[in-house]
2 protein chains.
Amino acid sequence: MARWAPDAALRLERAAIELFSERGYTATTVPDIAARAGLTTRTFFRHFADKRDVLFLREREFPAVVAGLLAEAPAGLDPMALVLHGLEAVAAGDLERWRGDILARRAIVRSEPQLRERELLKSAALAEAMRDALVAGGAADDDAALAASVGSVLFDSSMEAWLRGPDDVTLLTELRSARERLHRLVSAQRSDPSAARAAS
Amino acid sequence: MARWAPDAALRLERAAIELFSERGYTATTVPDIAARAGLTTRTFFRHFADKRDVLFLREREFPAVVAGLLAEAPAGLDPMALVLHGLEAVAAGDLERWRGDILARRAIVRSEPQLRERELLKSAALAEAMRDALVAGGAADDDAALAASVGSVLFDSSMEAWLRGPDDVTLLTELRSARERLHRLVSAQRSDPSAARAAS
DNA sequence: CGTATGATGGCATCACGTGTCATCACTTCG
DNA sequence: CGAAGTGATGACACGTGATGCCATCATACG
């Protein structure tokens, strides 16, 4: 498969990230991106549904990968443990090597609400994939949906902390830290008005 | 203020919801909406940033309202309790009266990924408003962000259950049910491999 | 060598979204 | 009571995003 240039989508992605970083997202037109990649506008829209989608090429396989991780997980775990198992497997992967690229892309995404919007949709799609995998594993619908959503929040939160913090702290460490924080927050608000809130 | 017709935005919203329900979202053009409302295309884009935004007119004041609720909340509560306090105040409000309208709008939003995308952005903006209010109240940044995100997930989950379930179950009941479910899920996955997962 | 397959180029077309200026209704003030 | 001011709307032009359609070219296969 892939005959002419097998990396048309990758070339377009490279050109887009370069141009977005140089001129900004709105100042870059689709013909600009296609021209730098040596292709035409029509070809761009054959590889990407719209202009925003070019920034999320790498995330296309995420839902399937996470669903596979949940399916392979050891049996006998509750939904929340299953989700955390899958997320830790992802965090412990080779994601650490791509920190620089992820940071560059994040700067672009955060510069435009349109792109943040798309990022949220991709995150929701990932949560839905996790939910479906949990349901397929026998979990109750409501439990599966909530566990998947909470897992998505935990992963986004730890990713944010990992990218913002020093580079000697691993994503896995941040994920476990977020997991601890969640546990503390949810447990604390249990009928105890004397619980002091954290000071600044 | 508001001289000619003080409800231009509301008329446009009505026209849009009618047309979206009749022909579908993509088959309806902005000139169509403006014509039914007795206005022009240019005026439509003065009231709404884009075509999708017309479906979220009512949610514009949500962030400010929730931030106000969190500011007025009794002191001495931890971040999670503060968020739940605010969400319960909203759920106990007059939201129950609008169930029909909310259902109609939800059907449109779920028919198009573009609209679901915008809904997620609005939800994220609400979570950010809660986070900022918590930080202003003295909470730690990480705790505030996580509590706000979890609160948003809980509210969306309970709203979904409320809209899908029988109409004699209140939103407040669903919210507290989701809160219980979260507590159980987070507590269960605590170092106990013998915990059985829920059967179908 | 001829044909089939699939990616790409080129063109036309429509809808979205914005900048700009004119117009009209209503208010305010002399 | 009339004139200037304010603010919403109408009208027009324009660039970009996105899609349908057909032609073209390179590669694979018989």
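In what follows, every chain begins at residue 1, and chains take the letters A, B, ... in the order their sequences are listed. All values below come from the heavy atoms of this structure, side chains included, with hydrogens, waters and symmetry mates left out.
- Among residues two or more places apart in sequence or in another chain, the salt bridge (charged side-chain N to carboxylate O under 4.0 Å, His left out) test is passed with Glu22(A) by Arg36(A).
- Ser187(A) places a side-chain N or O within 3.5 Å of a backbone atom of His183(A) that can act as its donor or acceptor partner.
- Of the residues in residues 112-125 of chain B, not one comes within less than 4.0 Å of DNA chain C through any heavy atom.
- Applying the ring-ring contact (aromatic ring centres under 6.0 Å, His included) rule to Phe45(A) yields no partners; only residues at least two apart in sequence or on another chain are considered.
- Between dG10(C) and Thr40(A), no contact under 4.0 Å exists linking OP1 or OP2 to a side-chain N or O.
- One interatomic measurement links the two molecules: CG of Leu39(B) to P of dA8(D), which rounds to 13 Å at whole-angstrom precision.
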Run the side-chain donor-acceptor check on residues 127-139 of chain A: report pairs under 3.5 Å with partners two or more places apart or on a different chain.
none

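- Formation of a donor-acceptor pair under 3.5 Å by the Ser158(B) side chain with backbone atoms of Phe155(B) is found in this model.
- The nearest whole Å value for the distance from the CZ atom in Phe45(B) to the C1' atom in dC12(D) is 15 Å.
- Looking at residues two or more places apart in sequence or on another chain, you find no salt bridge (charged side-chain N to carboxylate O under 4.0 Å, His left out) involving Arg46(B).
- Partners of Asp50(A) according to the salt bridge (charged side-chain N to carboxylate O under 4.0 Å, His left out) rule, which considers only residues two or more places apart in sequence or in another chain, are Arg118(A).
- Counting only residues at least two apart or on different chains, the side chain to side chain donor-acceptor pair (under 3.5 Å) pairs with a member in residues 85-104 of chain A are Glu88(A)-Arg176(A), Glu96(A)-Trp162(A).
- Between Phe44(B) atom CZ and dA11(D) atom P the separation is 18 Å, expressed in whole Å.
- Residues from residues 46-55 of chain A with heavy atoms under 4.0 angstrom of DNA chain C, sorted by number: Arg46(A), His47(A).
- Formation of a donor-acceptor pair under 3.5 Å by the Ser21(B) side chain with backbone atoms of Ile17(B) is found in this model.
- Atom CZ of Arg14(A) has 12 or fewer neighbouring heavy atoms from other residues, nucleotides or ligands inside a 6.0 Å radius.
- For Arg105(A), the side-chain hydrogen bond (donor to acceptor under 3.5 Å, both in side chains) partners are Glu59(A), not counting sequence neighbours.
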Check: protein-nucleotides 11-13 of chain C nitrogen or oxygen pairs below 3.5 Å:
none

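- Ser111(A) places a side-chain N or O within donor-acceptor distance of the main-chain N or O of Ile108(A), the cut-off being under 3.5 Å.
- Residues of residues 16-36 of chain A that place a heavy atom closer than 4.0 Å to DNA chain D, in numerical order, are Thr28(A), Thr29(A), Val30(A), Pro31(A).
- Under the salt bridge (charged side-chain N to carboxylate O under 4.0 Å, His left out) criterion, Glu72(B) pairs with no residue, sequence neighbours left out.
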